[in-house]
A.B. asks: 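This is the structure I want to talk about, given as structure tokens.
Keep in mind that this is a model prediction, so the values were computed, not measured. Both counts, for ligands and for their atoms, begin at 1 and track the order of listing. Both backbone and side-chain heavy atoms feed into the values below; hydrogens, waters and symmetry mates do not.
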Amino acid sequence: LLSHGRSDCWISNMCQACVRVPPLRKFSDGFSCSSTSQDLTSKKCVPCDSKDIRPMSEQSANELLAQVQGWNLLSEGGVMKLHRSCKVKSFTKGLEFFQLVADVAEAEGHHPDLHLVGWNNVKIDIWTHSVGGLTENDFILAAKINSLHVEHLLRRKAVA
Ligand SMILES: C[C@H](O)[C@H](O)[C@H]1CNC2=NC(N)=NC(=O)C2=N1
């Protein structure tokens with residue numbers, strides 16, 4: 001219902017041309033998403049409390065990064081994370097956005113760190129806390145966040 005599989009997504013907000021496309025457009029900022037990114041959105045996060053899960057390598061993270069347009073790798077205190085930021089139209093629309101992300105996280109049992117700073121700047125960090133690094137769960141969650149229909153909450157990028 002939230003990652004309802006509709007093809008438009010908030011990433012298309014990255015460029016005016018995308019913003020005007022009909023809602024059935026595939027997501028991501030202007031180029032077709034690879035089939036594997038579809039694979040990630042059709043996957044389910046798994047409970048990550050088993051002791052034998054290790055954080056993935058930077059190489060593996062970079063390979064998976066291609067499947068989550070708009071996200072970047074961030075290393076903080078030796079912990080590798082997925083990071084994405086955007087501007088929302090208002091403080092309350094930021095909270096609406098958080099609620100939609102929270103619903104996906106709850107459905108997946110895997111949760112992002114959500115920041116709303118300077119009233120309209122959203123930053124999202126995702127990593128697997130129980131292993132202290134990145135697992136496939138993080139990329140699944142990022143892909144499902146990307147497929148949310150939220151461009152009505154986001155501030156359009158000024159066209160250069
Ligand atoms: C048992 C269940 O997997 C844990 O409680 C979940 C909850 N959500 C989580 N979210 C994230 N990002 N990392 C975790 O390690 C985590 N653990």
A.B. asks: Any chain of hydrophobic side-chain contacts (each under 4.5 Å) joining Leu65 to Leu40?
C.D. replies: yes

A.B. asks: Can you report which non-hydrogen protein atom sits closest to atom 17 (N) of ligand 1, along with the distance?
C.D. replies: Cys48 SG, 3.9 Å

A.B. asks: For atom 15 (O) of ligand 1, what's the nearest protein heavy-atom neighbour? Residue, atom name and distance, please.
C.D. replies: Ser130 N, 2.9 Å

A.B. asks: Do Ile126 and Val79 land in one hydrophobic cluster if side-chain heavy atoms of ILVMFWY residues count as linked below 4.5 Å?
C.D. replies: yes

A.B. asks: Does Asp138, backbone or side chain, put an N or O under 3.5 Å from an N or O of ligand 1?
C.D. replies: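 No, no N or O pair falls under 3.5 Å.
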
A.B. asks: Would you say ligand 1 has an N or O under 3.5 Å from any N or O of Trp127?
C.D. replies: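 There is such a contact, yes.
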
A.B. asks: Decide yes or no for Leu95 and Leu116: does some side-chain heavy atom of the first lie under 4.5 Å from some side-chain heavy atom of the second?
C.D. replies: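 Of all side-chain heavy-atom pairs linking Leu116 with Leu95, at least one is under 4.5 Å.
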
A.B. asks: Is a side-chain donor-acceptor pair under 3.5 Å present for Thr128 with Asn137?
C.D. replies: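 No, because no side-chain N or O of Asn137 sits under 3.5 Å from a partner of the opposite role on Thr128.
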
A.B. asks: Identify, for atom 11 (C) of ligand 1, the protein heavy atom at the shortest distance, and state residue, atom and that distance.
C.D. replies: His110 CE1, 3.4 Å

A.B. asks: Does the protein put a heavy atom under 4.0 Å from atom 2 (C) of ligand 1?
C.D. replies: no

A.B. asks: To the nearest 0.1 Å, how far is atom 4 (C) of ligand 1 from its closest protein heavy atom, and which atom is that?
C.D. replies: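 Its nearest protein heavy-atom neighbour is Gly109 O, 4.8 Å.
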
A.B. asks: Out of all atoms in ligand 1, which are within 4.0 Å of some heavy atom of Thr128? Include the element for each.
C.D. replies: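 Close to Thr128: 13 (N), 15 (O).
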
A.B. asks: Determine whether the side chains of Trp127 and Asp113 contain a donor N or O and an acceptor N or O closer than 3.5 Å.
C.D. replies: no

A.B. asks: Would you kindly say whether His83 and Asp125 are connected by a side-chain donor-acceptor distance under 3.5 Å?
C.D. replies: yes

A.B. asks: Working to the nearest 0.5 Å, report the span between NE2 of His110 and CG of Leu141.
C.D. replies: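 Atom-to-atom, His110:NE2 and Leu141:CG are 6.0 Å apart.
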
A.B. asks: Checking contacts now, so for atom 13 (N) of ligand 1, which I'm interested in, is there any protein heavy atom under 4.0 Å?
C.D. replies: yes

A.B. asks: Quick test: of every protein heavy atom, which one is nearest to atom 10 (N) of ligand 1, and how far off is it to 0.1 Å?
C.D. replies: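 So the nearest neighbour among protein heavy atoms is His111 N, 3.0 Å.
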
